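What follows is a single structure, written as structure tokens, with notes after it.
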There are 2 protein chains.
Amino acid sequence: MMTNSITAKGLNERAQHLLKVLVEHYIRDGEPVGSRTLSRDSGLELSPASIRNVMADLEELGFIAAPHTSAGRVPTVKGYRLFVDTLLAIKPLEQQEIHLIQQKLTSNDLNQRSLLASASTMLSAITRMAGVVTLPRREYIAWRHIEFLPLSEHRVLAILVINEGEVQNRILKLDHSYDSNTLQQISNYLNTHFTGKEIHAARAELLNELNRTRVNMNNLMLAAISMAEKVFEGQGRETGRSYVIAGETNLMEWAELSDVEKLRRLFDAFNQQRDILHLLDKCIAADGVQIFIGEESGYGVLDECSVVTAPYSVGDEVVGVLGVIGPTRMAYERVIPIVDLTAKLLGAALNPHK
Amino acid sequence: MMTNSITAKGLNERAQHLLKVLVEHYIRDGEPVGSRTLSRDSGLELSPASIRNVMADLEELGFIAAPHTSAGRVPTVKGYRLFVDTLLAIKPLEQQEIHLIQQKLTSNDLNQRSLLASASTMLSAITRMAGVVTLPRREYIAWRHIEFLPLSEHRVLAILVINEGEVQNRILKLDHSYDSNTLQQISNYLNTHFTGKEIHAARAELLNELNRTRVNMNNLMLAAISMAEKVFEGQGRETGRSYVIAGETNLMEWAELSDVEKLRRLFDAFNQQRDILHLLDKCIAADGVQIFIGEESGYGVLDECSVVTAPYSVGDEVVGVLGVIGPTRMAYERVIPIVDLTAKLLGAALNPHK
DNA sequence: TTTGGCACTCCTGAGTGATGAGTGCCAAAA
DNA sequence: TTTTGGCACTCATCACTCAGGAGTGCCAAA
């Protein structure tokens, strides 16, 4: 046994360094790296044979693996994990990149949705992978404004504004027909009662009202309540967490994902939203960049992908998560600061007080 | 020379029949079909050798081609074209399918956008290809309602409703700050002047007003006009024709599109929207189902796809196009009536007078 | 005009062997 | 004790060949 030997507890300097160089190499070229290459590029003055000894140990401990007997080694998930956690040298962003991100997140004066979309697109463009941004959710959803417009007999357009300018709209089909004036009165009633209140509280209050005084309530009041209730029915669905994704097609350029069947499953998962959303929701609790490597995510479709996420906040409330999805052999040292910065800047851009 | 010979003018009965059977076969199996198969399945009592004579003629005239010497024949674009135009027996839809389409297009009471999305999804699900629906555009865009809500200093949320309940919203950054009351007055002013008018006319009128009386105009009036103008700036972009696409991933299941590089270009085109939109816009003039087979579309990425479209109307104004994108060897006899019916039903579902 | 026969083409898939990259192990050197 | 050169070994890859089979074109006979 060597005194300097590698134990389960930790790797010695040399082993760590070699693992680092190996992972970096593999991320660059995507091809298994062998002892000769490592000997040449590691900076250590070691022969391939010595390197092989270390590699054998690294393999035994599960940090690297050989696709087949006479190929070089490839990092395992465990290897990437160690690399990312302790060996990685984060590369500070170029001034130019910072500017680019800043610009894409501020030059936009349309609305929130389009801001999120452009964040997602920017992430995908700058990393050449797929970018995702969840829609922000608030614990506290403030009733801002409601408006009803008559469309035709029995059909009314309802427009609900919540929080800082999130607009939802929906067509209601009603039993009675209301004229423009009545609708105005209804919305006035609702707005004066509920503007600024929390929306679930408002709903509860409405339901309460409805049950309590069903008998001696005037028509208008009843109409107002049932109409608002109809709006709420749709509320859950519309707001039901979802995300904006961009640049999925970038993933087709990575050789390790060039299998059509795998791509199909991956893209289906993107469209389905369910699993991806689940994963992203987990990250909302983390207080910084979080990384899922390969199978770590726990969703089969992502087995050959890594996901780098960061939560973003408005004010001091964490409201959403954004990130990047790409192959496990992505350039973490670049992606991590990009995701980190984007989260911070998006939060700032969404902040209403500016 | 045969008396019954095949001329450039037209094919004789037999040749047409054999072409039809060949195309049907190829659409079913996706594999080149040979003379033996045709002899067996054509219903004609002909030996493979006789069939071969006909096939040689069909090939010379460019209706079919052989991928290589000892493979069967495959329809060319010209072959598909003849098949679709004159040989195809449209299969009437099953009652069950009609119900399905009807249901997907009516069970929806949210808003226009989600109706279009569900039409697109339904098309893709029922055909196992990609479904597209362009957003409806109206020649005549009616100003319906405008509303301004103060968000913070200098930031105002503008909500513009046009036509039958299409809602657009946008955040305006302004020089002055306005209180809720003033904004109310402004929107009142705009709504009373413009509700029901054509939106471009309204804009022209506004600009006119602005130039004419810039000097002796009261503050409110000026604010109203410049604010409306800000809304219009975004108008073009938002409304600028686009489409809803669904089920792109279905295309990955077709063997002829299993090349990742091709798929990438195709999906990029879907995201880009430009070319596809161009193509769809051409179909708005046709008065029924229109079909582009392979290179006929003129866009390289679609060389191995066919596009089946139909315009849809609200009232008696054609407002959009919907359709299906799939491999050239799609089941036209099924797809055509599906697209046709969907266009009719979507038009009906969008009709405001019901 | 149709058909059987036949030579021919060419894709496909299986098998082969050479090449080369990379390994593990061992004994000698440092 | 650690490092290293040497060496046998493994295995993916590639080019090559070869048999099998599907399908063709052509021709002469029916």
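All chains are named by letter (A, B, ...) in the order of the sequence lines, taking the proteins before the strands, and each is independently numbered beginning at 1. If you're wondering where the values come from, they're calculated on a predicted model, not measured in any experiment.
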For B/E304, check side-chain hydrogen bond (donor to acceptor under 3.5 Å, both in side chains) against everything at least two apart and list the hits.
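side-chain hydrogen bond (donor to acceptor under 3.5 Å, both in side chains) check on B/E304 returns B/K262.
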[X] has an atom [atom1]; how far is it from atom [atom2] of [N], in whole Å?
{"X": "B/L44", "N": "C/dT3", "atom1": "CG", "atom2": "P", "value": "10 Å"}
{"X": "A/R14", "N": "D/dT2", "atom1": "CZ", "atom2": "C1'", "value": "8 Å"}
{"X": "B/D29", "N": "D/dG23", "atom1": "CG", "atom2": "P", "value": "12 Å"}
{"X": "A/I51", "N": "D/dG5", "atom1": "CD1", "atom2": "C1'", "value": "15 Å"}
{"X": "B/L38", "N": "C/dT3", "atom1": "CG", "atom2": "P", "value": "14 Å"}

If a stem is a run of at least 3 consecutive Watson-Crick or G-U pairs, both distances under 3.5 Å, which stems include DNA chain D?
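So the stems come out as C:1-30 with D:1-30.
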Residue-level proximity of residues 18-27 of chain A to DNA chain D when a heavy atom falls under 4.0 Å:
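Contacts with DNA chain D under 4.0 Å: none.
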For B/E261, all residues meeting side chain to side chain contact (heavy atoms under 4.5 Å, CB included), sequence neighbours excluded:
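If we apply the side chain to side chain contact (heavy atoms under 4.5 Å, CB included) test to B/E261, skipping adjacent residues, the hits are B/D259, B/R265.
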Angle class for the A/F267/B/F267 ring planes (parallel below 30°, perpendicular above 60°, tilted otherwise)?
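If you compare the ring of A/F267 with that of B/F267, the planes turn out perpendicular.
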So if I define the base as every atom that isn't primed, P, OP1 or OP2, how would nucleotides 14-30 of chain C read as a B/S/- string at a heavy-atom cutoff under 4.0 Å?
------BBSBBB-----
It should be established whether A/S47 places a side-chain nitrogen or oxygen under 4.0 Å from OP1 or OP2 of nucleotide D/dT4.
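So the side-chain polar atoms of A/S47 do come within 4.0 Å of the phosphate oxygens OP1 or OP2 of D/dT4, strictly under.
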Just call it for A/E31: base, sugar-phosphate, or nothing, with non-hydrogen atoms closer than 4.0 Å on any strand.
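Nothing: the residue A/E31, judged by heavy atoms under 4.0 Å, touches no strand.
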Taking salt bridge (charged side-chain N to carboxylate O under 4.0 Å, His left out) as the cut-off, I'd like each qualifying pair that reaches into residues 15-24 of chain A, sequence neighbours left out, listed once.
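Output for this query lists A/K20-A/E24.
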